[in-house]
Structures are given as C-alpha cells and as structure tokens.
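Here the structure comes first, spelled out in structure tokens, and everything after it is commentary.
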Protein chains: 2
Amino acid sequence: MTLKSLVRNRSVFLYGASLAVLLMFLKVLEWRMLLISHAYELYAGAIAILFTGLGMWLAHKLTHPRPKTVIIEKEIFVKTDYFVFNHAEVARLRLSNRELEVLQLMGDGLSNLQIADRLFLSLNTIKTHSSKIFGKLEVQRRTQAVEKARKLSIIL
Amino acid sequence: MTLKSLVRNRSVFLYGASLAVLLMFLKVLEWRMLLISHAYELYAGAIAILFTGLGMWLAHKLTHPRPKTVIIEKEIFVKTDYFVFNHAEVARLRLSNRELEVLQLMGDGLSNLQIADRLFLSLNTIKTHSSKIFGKLEVQRRTQAVEKARKLSIIL
DNA sequence: TTAAAAATCACCCTAAAGTATGAGCCGGGT
DNA sequence: ACCCGGCTCATACTTTAGGGTGATTTTTAA
C-alpha cells in the first residue's frame with residue numbers, strides 16, 4: 001500500500017479513521033450508558049444518526065466528480081452552406097428543447113412512432129409535443145410545421 | 001403536514017420508516033446481544049455499517065438524478081445557395097408533371113384536400129398521385145417524400 | 001418553500017393520410 | 001386500330017395524425 005494510493009483514496013481512509021474514532025468514543029460512552037438501564041435505544045439511535053450522516057457525506061465525496069453532461073445534440077456536418085440557427089425565433093416562440101428535438105426529427109420525415117422509439121418515449125408523449133409545437137408555430141399539420149421551421153431557420 | 005407534502009418528500013419518509021424498522025430489529029437483537037457479554041463493539045459496528053449504507057443510499061436518492069445524455073446524430077446535406085432544378089433525377093425516378101406539381105405543394109405543407117382544391121381535382125386523385133410519388137421515391141410518408149425531394153433538388 | 005414551466009403518459013375521439021384495386025378517358029406512337 | 005402511359009376518380013379499408021382533457025413527475029425560477 002503506497003502513499004500514493006493512500007492519497008488517492010483519501011476519502012475512504014478518512015472514513016475509516018472517523019469510524020475508528022467514533023467507535024472509541026462510543027466505547028468510552030458505553031460505561032456511562034450502562035449506568036442508565038434500558039438506554040440502548042438512545043445509544044443505537046445516536047450511532048444510527050451519526051453514521052447516517054457519515055454515509056451521506058461519504059456518498060457525496062465519492063460521487064463528487066460526476067460528469068454532468070447535458071449534451072443534447074451532436075450534429076455531423078457533411079457539407080452545407082451556412083446555416084445560422086435562429087435562437088431568437090426559438091425563444092420568441094417559446095419552443096422548449098424537447099419540442100425542438102421532436103420538430104427536428106419531424107423534419108427528417110419520421111413518424112410519431114419512430115420519433116418515440118428514437119427518443120425512448122411514449123407515442124402519446126410525442127403526440128403531446130407535436131400538438132404543442134403546432135400550437136406555438138400556429139400550424140395544423142406536421143408538414144406545415146416543418147416548412148415554417150425551415151423558413152425560420154429553426155431546423156436544417 | 002398534508003398528504004401532498006408527504007408524497008413529495010417520499011424519500012425522507014421512506015428513510016424514517018427504514019430507520020424505525022431497523023431500530024425495532026436492533027431492539028430485538030439486543031436480547032441476543034446481551035447473552036454475549038462485551039459484544040457492544042459488534043453491536044455498534046453493525047449499526048454503524050447499516051446506517052452508513054442507509055446514509056449513502058439516502059444521499060444517492062436525494063442528489064439530483066443526473067440528466068441523461070441524449071446524443072442525436074444528424075446528417076446535414078448539401079444545399080447550395082441558388083436552386084438548380086434536378087431534371088436528371090426527375091427523369092430517373094420517372095416522376096410525371098402532375099406528380100411533381102403535387103410534390104411541390106406537399107412541400108409547401110398543404111394537405112391532400114388543399115392540394116385537390118388548388119388543382120381543381122378530387123381528393124382521391126391526389127391520394128393516387130401521392131401513393132405513386134411515395135412509391136417512386138421509395139418512401140412511406142409525405143414528410144419523407146418532401147425531405148428526399150429537397151435533398152435531390154427536385155423541389156425548393 | 002412555493003409556483004410555474006417542462007416533460008411525461010393515458011384515453012378517447014375525429015380527421016387526415018395512406019393502401020389496394022378497379023376503371024374510364026385521352027393523346028401519341030407503331 | 002391498338003396499346004400504353006398519364007391523368008382522373010371511386011370504393012373500401014387500415015394506419016397515422018391530431019385535438020382535447022387530465023394527471024403525475026421533474027425541473028427551474030422566483
């Protein structure tokens with residue numbers, strides 16, 4: 001066990017140390033506790049609370065470097081003239097991320113069911129999104145939505 | 001304390017319940033432990049381990065579940081500044097004039113009925129044209145047809 | 001802590017789209 | 001004259017899309 005690995009797993013060793021210290025502390029308390037008959041509930045409760053907190057802290061420490069990736073789309077550009085995504089229009093129309101995503105797939109000619117499968121969602125969910133999209137774009141059909149979205153440079 | 005808040009903080013209450021159950025369990029164990037003199041270390045250790053795990057679980061529950069990473073691969077195709085009508089492709093696909101006309105209107109987001117009215121034709125006729133178009137373009141839906149037609153520079 | 005917005009899903013119903021088949025009309029070739 | 005392709009339309013049927021409503025959960029913002 002090298003010093004390096006000890007440093008690397010600092011949290012774990014810190015936890016071990018804390019545990020040891022607490023156990024010693026409790027061992028000392030034990031004699032006092034014996035004076036109070038039937039106080040085991042308090043004793044157990046104290047340990048429970050302490051170690052619950054310790055566990056939470058440990059969990060937090062160990063899961064700290066979590067990759068909070070919120071990458072939504074990755075586009076592979078083959079070749080294109082310059083397309084400038086119209087954020088302003090999206091904001092004005094109050095289109096959410098999901099809605100934009102669905103709209104994009106619509107533009108690719110996918111059916112609602114296909115979109116649902118692609119996004120691991122229910123068909124009903126896609127229908128709901130579709131309806132909202134149509135409402136916001138003030139159109140009736142998906143073809144019109146795609147047309148308008150293209151004109152507004154919301155989708156490619 | 002309303003039922004609503006109880007539901008909202010389900011994790012917390014679940015933790016409370018677990019704690020209660022475990023304490024009861026330990027209370028029962030207590031009598032067995034008493035048989036073994038000087039086994040408090042084991043007792044405390046067991047509680048410590050149990051509640052450490054519980055704490056970690058709780059922490060995991062309470063921390064925000066990481067937003068799932070959705071990666072969409074989207075191919076973007078060529079789209080030149082000025083539109084050059086692709087006669088060759090139309091010929092290759094054996095698309096008739098009418099079919100091309102209908103396809104164009106489809107691309108404008110019109111419904112079959114609207115196309116029918118526009119061209120002074122029956123709805124059934126448009127449906128027939130549509131079917132033929134889909135067959136020739138090897139697609140299933142109008143949105144796909146429009147997509148493909150655009151890619152091939154058959155329509156604007 | 002609360003409120004609002006976003007996201008998810010369900011159910012029901014209507015409208016539109018799409019499939020399959022058959023048929024009549026018309027104009028240009030051979 | 002006859003055939004063929006394009007165009008037109010119909011009937012019947014299946015599938016998909018869309019509208020409306022309501023509910024739950026998650027996320028975000030105030």
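Just so we're on the same page: letters track the sequence lines, and every chain starts at 1.
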### Summary
Closest heavy-atom pair, A:Q104 versus A:L156, reported as atoms and distance to 0.1 Å, is OE1-N, 4.0 Å
### Task
Send over the distance from B:N112 CG to D:dA17 C1', rounded to a whole Å.
13 Å
### Message
Without decimals, in angstroms, what is the distance between A:I115 CD1 and C:dA7 C1'?
### Response
16 Å
### Query
If we only count heavy atoms from C-beta on, is the A:F85 to A:L100 side-chain gap below 4.5 Å?
yes
### Task
Sort out for me which residue in B:R142, B:H129, B:K127 forms a side-chain hydrogen bond (donor to acceptor under 3.5 Å, both in side chains) with B:N112.
B:R142
Check the interface with nucleotides 25-29 of chain C: list each N/O to N/O pair with the protein under 3.5 Å, or write none.
none

#### Entry: Closest non-hydrogen atom pair, B:R150 against A:R150
NE-NE, 3.4 Å
### Query
Between B:E99 and B:K132, is there a side-chain N and carboxylate O pair less than 4.0 Å apart?
no
#### Entry: Distance, rounded to the nearest Å, where A:R142 contributes CZ and D:dG19 contributes P
11 Å
### Query
Which ones in residues 93-111 of chain B lie close to DNA chain C, meaning a heavy atom under 4.0 Å from one of its atoms?
B:S111
### Task
Measure from NZ on A:K132 to C1' on D:dG19 and round the result to the nearest Å.
13 Å
### Query
Could you state the CG-C1' distance from A:L113 to C:dG18, rounded to the nearest angstrom?
16 Å
### Task
Check step by step if salt bridge (Lys or Arg N to Asp or Glu O under 4.0 Å) holds for B:E101 and B:R98.
CA-CA 5 Å; B:E101 208 174 352; B:R98 260 313 198 208; 2.9 Å; yes
### Message
For A:I115 versus A:L110, what's the shortest heavy-atom pair and its separation?
### Response
CG1-CB, 3.7 Å
#### Entry: Minimum side-chain heavy-atom gap B:I154-B:L93 below 4.5 Å
yes
### Task
Could you tell me the separation between the CZ atom of A:F134 and the P atom of C:dT14, rounded to a whole number of Å?
20 Å
### Task
Specify the residues of residues 118-131 of chain B, ordered by number, for which at least one heavy atom lies under 4.0 angstrom from an atom of DNA chain C.
B:K127, B:S131
### Query
Hey, are the side chains of B:L152 and B:K148 touching, using non-hydrogen atoms and a 4.5 Å cut-off?
yes
### Query
Atom CZ of B:R141 and atom P of C:dA16: how far apart are they, to the nearest Å?
19 Å
### Query
Does the B:Q144 side chain pair with the main chain of B:Q140, one donor and one acceptor, at a distance under 3.5 Å?
yes
### Query
How close or far is atom P of D:dG19 from atom CD of A:Q140, stated in whole angstroms?
7 Å
### Query
Hey, are B:R92 and B:E89 close enough for a salt bridge, meaning a charged N less than 4.0 Å from a carboxylate O?
yes
